[in-house]
Amino acid sequence: MSEDSFSRRLLTWFDQFGRKDLPWQLPRTAYRVWVSEIMLQQTQVITVIDYFQRFMQRFDSLQSLAAASEDEVLHYWSGLGYYARCRNLHKTARLIIEQGLNDLPDNRAALEALPGIGRSTAAAIMAQVWNQPEAILDGNVKRVLTRHQCIAGWTGSRAVQQQLWPLAESLTPEQRVADYTQAIMDLGATVCKRSRPDCEQCPVADDCLALKNACVHSLPTPKTKKLMPEKFLRFLILCNDKQQVLLEKRPPAGIWGGLWSFPELELDEAVNQYCHQKLAMRVINTEEQPVIKHTFSHYHLFITPTLVQYEQDSDKIMQQREYQWYHKDQSHALGLAAPVSAIIRSLS
Ligand code: SF4
């Protein structure tokens with residue numbers, strides 16, 4: 001395979017078909033590229049665009065992000081999932097400001113030392129913002145390279161990574177690095193797609209080994225599927241006479257860390273006892289709603305929303321733990337997990 005030829009063909013293709021008007025490309029600052037790269041981890045461009053634009057309208061600089069509360073930053077991330085990304089983004093913004101800096105560092109090692117920035121993300125920032133010849137290896141690039149070079153094995157394994165990184169480095173050109181980086185991501189997203197790749201339109205089809213060996217559809221090799229565990233829990237839905245629901249702030253780590261959610265308990269836990277002890281209230285009646293299934297990367301969660309009629313002293317609740325009454329039209333921004341938002345919307 002000719003390395004120059006690979007990047008040259010890709011750049012020629014990019015000039016005609018590549019994406020040059022994505023919101024984070026206009027203008028392509030370190031702050032904007034960083035936020036976009038974090039949002040794009042495990043998430044498609046089409047989903048990220050709206051989130052990115054809303055996020056930039058509210059937090060137009062590293063300084064404004066650092067100055068915001070975690071609740072508000074999580075609010076603008078609500079629905080994107082993988083909330084550790086958001087908490088790390090916020091933490092990193094604060095860290096940079098605390099260090100007396102105005103912007104992200106312009107070297108890869110310093111970027112990788114920051115929370116939430118791995119090798120590929122650091123390289124993407126270096127390449128796209130400062131045009132430095134750093135190789136990236138995100139999901140799209142892995143798909144293109146494993147197919148083009150017919151590399152079998154799960155791309156998350158050390159053995160495959162040890163083949164992919166040197167390959168990605170050897171293909172990255174010295175010139176037009178920002179365009180090349182965007183080009184290979186675009187090729188993976190729009191031509192060398194996961195299902196139904198459009199090999200006839202591919203600029204590097206001539207020497208694609210997967211195409212030659214008729215194994216395009218078996219690459220990249222999927223991770224061996226383990227049976228996903230299932231978990232069950234109950235959400236308590238408590239509404240007051242102002243059409244507000246009671247929410248509880250979740251611990252900073254774990255699923256939906258730092259977000260606001262309904263008080264929750266195990267399915268076999270007694271609702272009456274829980275409400276009495278934790279919420280200082282007396283249950284009059286409960287009514288179970290249809291079960292909601294939510295799938296995380298590593299397990300399925302089955303939620304039983306349960307409407308609770310109660311008598312209570314709300315002041316006691318507010319004093320006990322981190323609770324608040326929340327109205328869906330509330331101007332105060334909170335981060336809510338997707339199932340929590342869906343339940344709140346369904347109540348109105
Ligand atoms: S020829 Fe097909 S499989 Fe090979 S890199 Fe291009 S789109 Fe992917």
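Order of appearance sets the numbers: ligands from 1, and atoms from 1 within every ligand.
- Among Tyr31, Trp34, Tyr76, Trp24, the single residue meeting the ring pair (Phe, Tyr, Trp, His ring centres under 6.0 Å) criterion with Phe52 is Trp24.
- Geometrically, Arg54 engages Tyr51 in a cation-pi contact defined by less than 6.0 Å to the ring centre and at most 45° from the axis.
- Figure legend: Arg87 and Trp77 shown without cation-pi pairing, the cationic atom not lying both under 6.0 angstrom from the six-membered ring centre and within 45 degrees of its axis.
- Proximity of Arg194 to Arg143: side-chain heavy atoms (C-beta onward) are separated by under 4.5 Å at one or more points.
- Between Phe296 and the options Trp256, Phe302, Tyr82, Tyr83, a ring pair (Phe, Tyr, Trp, His ring centres under 6.0 Å) holds for only Trp256.
- Leu219 and Leu211 are not part of a single hydrophobic cluster, where members link through side-chain heavy atoms under 4.5 Å apart.
- By the criterion of a separation under 2.8 Å, the protein N/O/S atoms near atom 2 (Fe) of ligand 1 amount to Cys199 SG.
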